[in-house]
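Heads up: the structure comes next, in structure tokens.
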Amino acid sequence: MGYKVKYMGYVILMVIVSGLFSSCKDSKPPKDENMADIVIYGGTSAAISAAVEAKRSGKSVIVVSPDKHLGGLSSGGLGFTDTGDKSVIGGLSREFYHRVWKHYNTEEAWNWQKKEEYGNKGQGTPAMDGENRTMWIFEPHVAEQVFEDMVAEEKIRVDRDEWLDRENGVVMEDGRITSITTLSGKTYKGAVFLDATYEGDLMASAGVSYHVGREGKDVYGEEWNGVQTGVLHHNHWFESDISPYVVPGDPSSGLLPRVSGEDPGEKYSGDDKIQAYCFRMCMTNHPENRVPFPKPEGYDPMQYELLARVFEHGWKEWFNKFDPIPNHKTDTNNHGPFSSDNIGMNYDYPEASYERRKEIIEEHENYQKGLLWFVANDPRVPEDIQTKMQQWGLSKDEFKDNGNWPHQIYVREARRMIGEFVMTENELLKKSPTPKPIGMGSYTMDSHNVQRYVKPDGFVQNEGDIGVSTNGPYTISYGSLVPKKEDCKNLLVPVCVSSSHIAFGSIRMEPVFMILGQSAAAAAVLAIDQNSAVQEVDYTKLKEVLVSKGQIVE
């Protein structure tokens, strides 16, 4: 009896111990749901192309997006794409424009206009390039849907409305980012991080070197950098002698709004000023889809007095950048000496707090809405221009959750990294070789105006507008996507790339951002596989991978 009791006790004990061991064997450390191989901060076109590349390459990826809408400017109103030489746009960037082409090849795409009515409007080349199965001109909501489709097809996780804690949200160890935390309290961990924002907030918070403003021409031995007083390119300058004073010709009456009283600076010198921002407006003259221009709160016609004086001098080019996109809509951009570019009102944006940026964006929105209202309603506007303007309005079927106003301001330039290699006009003009090319650009070196000032003769003028051809496509260096190794070893920056002000004026085009996003993600994958710093990625292997995926690197 005693033996049986002892035996049964032994069996029970073994069952318990076995169960404990079994439990330990089957249990695994809880997986951190906010951990991925690659963490991408931003919701831009570069962010989405990077995420798609990472996922297709077999890596886990999380897109941490401060934006609710994906695609940045590509879905935010810039539908009349600045392409340059389309033949050098490859990889996922070309896939995006192919998907746009597929959409417009359906009958359902043409709800306000017949397909055959929309002709060859695109910068001297067909809007719909059937031979190459691409389309470069599109409506904002179409672009956004393409990005959403790509994300859905690849089952990419996107956490929206998540804003980096810029003060305390970046944790680094041994020169590497280990995690980022957003203002909502979420912490994301990864092996490699990408900053794909227009502002470069992650890059800056990680302590990476960067620049804001224009370098003096001697910093990199350039011709087109720094202050450019007297340089009058494009049509964005005052061709007539127009007084900047409240009472014309009387300095004692004070300056009109939006004219700086400061000296513009010595020609070719550097400064901390940046080119003007605006919203790329999607407008329509199709009555069924037209929303009348809203009159902004606090509207003040004096804000547009300079434009009234421009009209008085006979200027008639108001409609020259109402670029047509499908379905009787426009991508309307800045044109002329006084237009949608809000010159001089964005200098503090790159470094500003989120709250201050919101104020700057709101000021730009009110300025631009007031501009539209002024031209459509003010009696000083020439009758022929005003009558035609009254036929236009905002598009009812665009930006429907934002009062039909674009959800993305055109951040033409903010911070620019000072990385392992700095792209300058010398590389773009092929005066100097570009090491380790990972993509190409071709658009004109294009800076919008930076300041509006009073000339010594007492008349007003704009400064900073530059348009210089690159004389054909140029290559972009891998070194411009990575910080200096001593700054950070596991960060890539495909938007705020390492470049001078004037070189960035060409690189900053949306097709190029998508190219650089894909190349950055491909490099991140190799850095993980090789267990190396991003600066030490095997370039020969990287080039091989990119070429195999349709990227045009040289």
Side-chain angles (χ1 to χ4, degrees), residues 214 224 227-249 251 254-265 267 273-281 300-323 330-347 363-364 366-376 378 380-382 384-386 388-389 410 412-413 444 446-468 505:
R214 300 181 285 189
W224 298 107
V227 175
Q228 299 285 324
T229 45
V231 177
L232 304 172
H233 290 182
H234 296 120
N235 304 96
H236 308 318
W237 52 283
F238 291 87
E239 299 180 27
S240 303
D241 288 340
I242 293 178
S243 176
Y245 302 111
V246 175
V247 177
L255 287 168
L256 287 173
R258 304 181 191 281
V259 179
S260 171
E262 297 180 6
D263 186 283
K267 190 171 184 179
K273 299 180 175 71
I274 56 175
Q275 57 181 307
Y277 296 172
C278 71
F279 288 92
R280 298 286 286 246
M281 296 172 292
D300 174 15
M302 273 301 288
Q303 298 295 319
Y304 313 101
E305 173 66 20
L306 267 180
L307 179 59
R309 295 181 188 183
V310 170
F311 283 139
E312 286 173 358
H313 279 75
W315 187 74
K316 292 288 187 179
E317 299 176 19
W318 174 253
F319 296 100
N320 279 25
K321 285 301 290 179
F322 280 46
D323 292 320
T330 70
D331 166 3
T332 304
N333 193 15
N334 178 82
H335 180 74
F338 191 102
S339 184
S340 56
D341 275 2
N342 198 0
I343 300 171
M345 303 300 285
N346 63 340
Y347 296 155
E363 197 280 333
H364 278 68
N366 287 334
Y367 163 75
Q368 221 160 316
K369 285 180 176 177
L371 178 70
L372 299 173
W373 179 269
F374 177 86
V375 177
D378 195 279
R380 295 187 62 185
V381 175
D384 57 338
I385 292 176
Q386 188 159 92
K388 185 176 179 180
M389 188 64 175
Y410 196 168
R412 289 191 172 94
E413 180 179 27
T444 298
D446 177 41
S447 170
H448 281 232
N449 279 306
V450 174
Q451 51 189 337
R452 179 177 289 135
Y453 69 104
V454 182
K455 297 185 294 178
D457 62 5
F459 296 111
V460 66
Q461 193 52 273
N462 296 333
E463 181 277 322
D465 188 81
I466 302 292
V468 177

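It should be emphasised that the depicted structure is a prediction, and the values quoted were computed from it without experimental measurement.
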_Value rounded to 0.5 Å, distance of NZ in Lys455 from CD in Gln461_ = 5.5 Å
*Any side chain to side chain donor-acceptor pair (under 3.5 Å) involving residues 235-244? Give me the pairs, sequence neighbours left out, ordered by first then second residue.*
none
_Closest approach of Gly464 to Arg214 (non-hydrogen atoms, all atoms of both residues)_ = CA-NH1, 3.8 Å
*Taking 4.0 angstrom as the limit, do Asp378 and Arg380 come out as a salt bridge?*
no
*Please name all residues satisfying side-chain hydrogen bond (donor to acceptor under 3.5 Å, both in side chains) with Arg258, sequence neighbours left out, ordered by chain then number.*
Gln303, Asn342, Glu363
*Option from Tyr367, Tyr304, Trp318 for which ring pair (Phe, Tyr, Trp, His ring centres under 6.0 Å) with Phe374 holds*: Tyr304
_Strictly distance-based, threshold 3.5 Å: is any side-chain N or O of Gln451 a donor or acceptor partner for the main-chain N or O of Pro264?_
yes
*Under the side chain to side chain contact (heavy atoms under 4.5 Å, CB included) criterion, do Glu312 and Ile242 qualify, and how do the steps go?*
CA-CA 10 Å; Glu312 286 173 358; Ile242 293 178; over 6 Å; no
*asked:* Tell me whether Gln386 contacts the main-chain N or O of Val375 through its side chain, where contact means a donor paired with an acceptor under 3.5 Å.
replied: yes
*Near-ring test Tyr277/Tyr347, centroid separation under 6.0 angstrom*: no
*Report yes if some heavy atom in the side chain of Val246 is under 4.5 Å from a heavy atom in the side chain of Glu305; otherwise report no.*
no
*Non-hydrogen atoms of Gly458 and Pro244 that approach each other most closely*: O-CD, 3.1 Å
_Can you confirm whether Leu306 sits close enough to Arg452 that some side-chain heavy atom of one is under 4.5 Å from a side-chain heavy atom of the other?_
yes
*Kindly assign one of parallel, tilted or perpendicular to the pair Trp315 and Phe311, based on the angle between their ring planes and the thresholds 30° and 60°.*
tilted
_When you compare the side chain of His233 with that of Thr444, does any pair of heavy atoms fall below 4.5 Å?_
no
_Minimum heavy-atom separation for His448 and Asp465, please, with both atom names._
CA-OD1, 3.7 Å
*Leu255 side chain near Val454 side chain, heavy-atom distance below 4.5 Å*: yes
_For Arg280, the option from Asp331, Thr332, Asn334 that meets side chain to side chain donor-acceptor pair (under 3.5 Å)_ = Asp331
*Arg412 bridged to Asp446 by N-O distance under 4.0 Å*: no
_Inter-residue atom distance Gln368.CD - Ser339.OG, 0.5 Å rounding_ = 8.0 Å
*Heavy-atom pair of closest approach, residues Asn320 and Asp323*: O-OD1, 4.3 Å
_Quick one: does any side-chain atom of Asp341 pair with a main-chain N or O of Ile343 as donor and acceptor, under 3.5 Å?_
no
*asked:* I want to check something: taking the side chain as every heavy atom from C-beta on, are Val450 and Gln228 in contact at a cut-off of under 4.5 Å?
replied: no
_Least distance between heavy atoms, His313 atom then Arg309 atom_ = ND1-O, 2.9 Å
*Look up atom CH2 in Trp373 and atom CE in Met389, then write down how far apart they are to the nearest 0.5 Å.*
11.5 Å
*Are any non-hydrogen side-chain atoms of Glu262 and Tyr453 less than 4.5 angstrom apart?*
no
*Look up atom OG in Ser260 and atom CG in Asn462, then write down how far apart they are to the nearest 0.5 Å.*
11.5 Å
*Mind listing the closest non-hydrogen atom pair of Leu371 and Leu307 along with its distance?*
CD1-CD2, 3.7 Å
